[in-house]
Amino acid sequence: MPAQLNVNASPSPSSVASPRKLGRASANQWLQSFSHPSVLNQFQGKLLDWYETSGRDLPWRRLPDLNDPYRIWTSEVMLQQTQVKTVLPYYNRWFEVFPTVESLAIADQQQVLKAWEGLGYYSRARNFHRAAKIVVEKHSGQFPKSLEAAQDLPGIGRTTAGGILSNAFDLPVPILDGNVKRVLSRLVALPVPPAKAMDALWFVSELILSGDRPRDFNQALMDLGATVCLRKNPTCLLCPWMSYCQAYRTNQTTIIPMTESKGPLPHKVIGVAVIENEQGEILIDRRLEEGLLGGLWEFPGGKVEPGESMEECVKREIKEELALDIEVGEELIVVNHAYTHFKVSLHVHLCRYLGGEPKAIASQEVRWVTLDTIDQYPFPKANTKIIEALKKRS
DNA sequence: GAATCGTGGCG
DNA sequence: TCGCCAAGATT
């Protein structure tokens, strides 16, 4: 592969300089310098030395866990789009429930989702569960050591596969997560948002990867992004690559990596029913397998239509989705919650069951439960606030 | 290729 | 309060 960065996804190795070529001639010349082994070796050594003294102490790096691919795998999946601080308690708790890949493979999905509850992006848990079954059944319980086989597992893309293979087996496979994107974008002074130059960034990540110590190098790269090359206020004076960094040299660290601003998030107003029967039980439903919050439990409800009152909305939704007749009572709580692509306000009403057999029309399953047993079901965050309000009331 | 998919923390 | 986004993958 030519030592040249093409911002476009086009793999064609044109040697003609053009505005679409990353950083133009100067940047390509800068990259060319890494084709000299001595230059590259010194560059890598700077980061590896920094890692020895300033790297983070994280559970998935400690012996003897280091050689347990299942634990490495778990960390990589939990860390997708999720910060280390958030992951730590989940990570430590996980192995009390699922100590081995075999135990995960034979587990019930509801148990898996319960252990994942609150961590978000629940397709990660469902895919992890599926992948564990595949590893046990088709790979004799051993995590595959090839990039292709690893990426064939559900929930494992190129970055996660590289993270597992390099960290668990010390294989020279590049990574490109959020930290590395930011570090490399600044290193080469990427003139476009990272999403527009993924091929170029992968090329750099592979180019600079240490062949001798790929595990430490990749881990160091992520640590650098997480502790020094911060999104805001990076501490460049502490950076082992300060003299190599094109963004620092050209005073562009505040605008690189570049971002494309988006408009305001849409806001949905939802009517939600807490339906209580004569036994004091409450009706919950399990969401469809695919899509938002798939497989988790919730209190039923739906969007308010134009010109509709909240009471009318709740009554209609319960009729449509559960075939139940209810009497809509007082408002229990309003829960505001922001997802990645929209915001919601859940207007929760206490409701009285009047009649009908609940049917899972828009869900996988419905169930009458008591407040004493409701904690064993996995709920999304917005719904746990409702449960808290219910417990406080009783 | 663009949308979708959670939650928490930050300025 | 609000926008941004963090160890991305999937469709």
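Just so it is clear: chains get the letters A, B, ... in the order the sequence lines come, proteins before strands, and each one is counted from 1.
Mapping A/Glu260 and A/Thr159 onto DNA chain C by nearest heavy atom places A/Glu260 closer to the 5' end of the strand. When each of A/His341 and A/Gly118 is assigned the nucleotide of DNA chain B with its nearest heavy atom, A/His341 is the one assigned upstream, toward the 5' end. Between A/Glu290 and A/Met222, the residue anchored nearer the 5' end of DNA chain C, judged by the nucleotide with its closest heavy atom, is A/Met222.
Rounded to whole Å, the P atom of B/dG6 lies 14 Å from the corresponding atom of C/dT11. If you take atom P in C/dA9 and the same atom in B/dG9, they sit 24 Å apart, rounded to whole Å. Between the P atoms of C/dC2 and B/dC5, the separation comes to 23 Å (whole Å). To the nearest whole angstrom, the two C1' atoms, one in C/dG8 and one in B/dG1, are 16 Å apart. Going from the P atom of C/dA7 to that of B/dA2 covers 24 Å, rounded to whole Å.
DNA chain B is contacted by A/Tyr121, A/Tyr122 of residues 121-138 of chain A, taking any non-hydrogen atom closer than 4.0 Å. For the contact set between residues 374-384 of chain A and DNA chain B, defined by any heavy atom under 4.0 Å, the members are A/Pro380, A/Lys381. Of the residues in residues 175-185 of chain A, A/Asp177, A/Gly178, A/Asn179, A/Arg182 come within less than 4.0 Å of DNA chain C through at least one heavy atom, sorted by number.
Put simply, CD on A/Glu281 and CD on A/Glu276 are 9.5 Å apart, with the number rounded to the nearest 0.5 Å. Atom CG of A/Leu40 sits about 10.5 Å away from atom CD of A/Gln42, to the nearest 0.5 Å.
Between A/Thr227 and A/Arg56, some side-chain heavy-atom pair lies under the 4.5 Å cut-off. Looking only at side-chain heavy atoms (C-beta outward), A/Leu221 and A/Tyr51 stay at 4.5 Å or farther from each other.
Summarising the geometry, the separation between CE on A/Met198 and P on B/dA2 is reported as 13 Å, rounded to the nearest angstrom. One can place CE of A/Met258 at 14 Å from P of C/dC5, the figure rounded to the nearest angstrom. To the nearest angstrom, P of B/dG6 lies 12 Å from CH2 of A/Trp116. For A/Leu296 and B/dT7, the CG to P distance is 8 Å, given to the nearest whole Å. Taking atom CG on A/Leu265 and atom C1' on B/dA3, their separation rounds to 13 Å, with Å as the unit. Rounded to whole Å, the distance from NZ on A/Lys262 to P on C/dG3 is 13 Å. Counting to the nearest Å, the C1' atom of B/dG8 and the OH atom of A/Tyr90 are 10 Å from each other. The distance from atom CD of A/Gln81 to atom C1' of B/dT7 is 11 Å, rounded to the nearest whole Å.
Proximity note for A/Asp223 (side chain, C-beta onward) versus C/dA7, C/dG8, B/dA2: the nearest is C/dA7.
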For residues 322-332 of chain A, run the donor-acceptor check on the side chains, cut-off 3.5 Å, and write out each pair with its distance to 0.1 Å, sequence neighbours left out.
| unit_1 | atom_1 | unit_2 | atom_2 | d |
| --- | --- | --- | --- | --- |
| A/Asp325 | OD1 | A/Lys319 | NZ | 3.2 |
| A/Glu327 | OE1 | A/Arg352 | NH2 | 2.9 |

Name every donor-acceptor pair, under 3.5 Å, that has one atom in a side chain of residues 133-147 of chain A and the other anywhere in the protein, sequence neighbours excluded.
| unit_1 | atom_1 | unit_2 | atom_2 | d |
| --- | --- | --- | --- | --- |
| A/Lys133 | NZ | A/Ala105 | O | 3.2 |
| A/Ser146 | OG | A/Ala149 | N | 3.0 |

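Between the side chains of A/Gln80 and A/Thr160, a donor-acceptor pair is found at a separation under 3.5 Å.
Checked against the 6.0 Å centroid threshold, A/Phe98 and A/Tyr70 do not count as a close aromatic pair.
For A/Tyr90, there are no ring pair (Phe, Tyr, Trp, His ring centres under 6.0 Å) partners, not counting sequence neighbours. With sequence neighbours left out, A/Trp202 forms a ring pair (Phe, Tyr, Trp, His ring centres under 6.0 Å) with no residue at all. Contacts of A/Leu209 classified as side chain to side chain contact (heavy atoms under 4.5 Å, CB included), with partners at least two apart in sequence or in another chain: A/Pro172, A/Pro174, A/Pro214, A/Phe217, A/Asn218. Applying the side chain to side chain contact (heavy atoms under 4.5 Å, CB included) criterion to A/Thr340, with sequence neighbours excluded, gives A/Tyr121. With sequence neighbours excluded, the residues satisfying side chain to side chain contact (heavy atoms under 4.5 Å, CB included) with A/Val269 are A/His267, A/Val304, A/Met310, A/His347. Remark: A/Thr373 engages A/Val369, A/Thr370, A/Gln376 in a side chain to side chain contact (heavy atoms under 4.5 Å, CB included) (not counting sequence neighbours).
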Using the 3.5 Å cut-off, write out each protein N or O paired with an N or O of nucleotides 9-11 of chain B and the distance between them.
none

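For B/dT7, one of the phosphate oxygens OP1 or OP2 lies less than 4.0 angstrom from a side-chain nitrogen or oxygen of A/His337. Distances shorter than 4.0 Å separate none of the side-chain N or O atoms of A/Gln80 from OP1 or OP2 on C/dG8.
Using a 4.0 Å heavy-atom criterion, one finds that A/Leu230 contacts no nucleic acid atom at all. If you check every strand for non-hydrogen atoms under 4.0 Å, A/Gly163 touches nothing.
In this structure, A/Trp241 and A/Phe43 have parallel ring planes: the angle between them is below the 30° cut-off, well short of the 60° mark.
Between the base of C/dG8 and the side chain of A/Thr160 there is no donor-acceptor pair shorter than 3.5 Å.
With hydrogens and angles ignored, the 3.5 Å screen pairs no side-chain donor or acceptor of A/Glu365 with any backbone N or O of A/Arg286.
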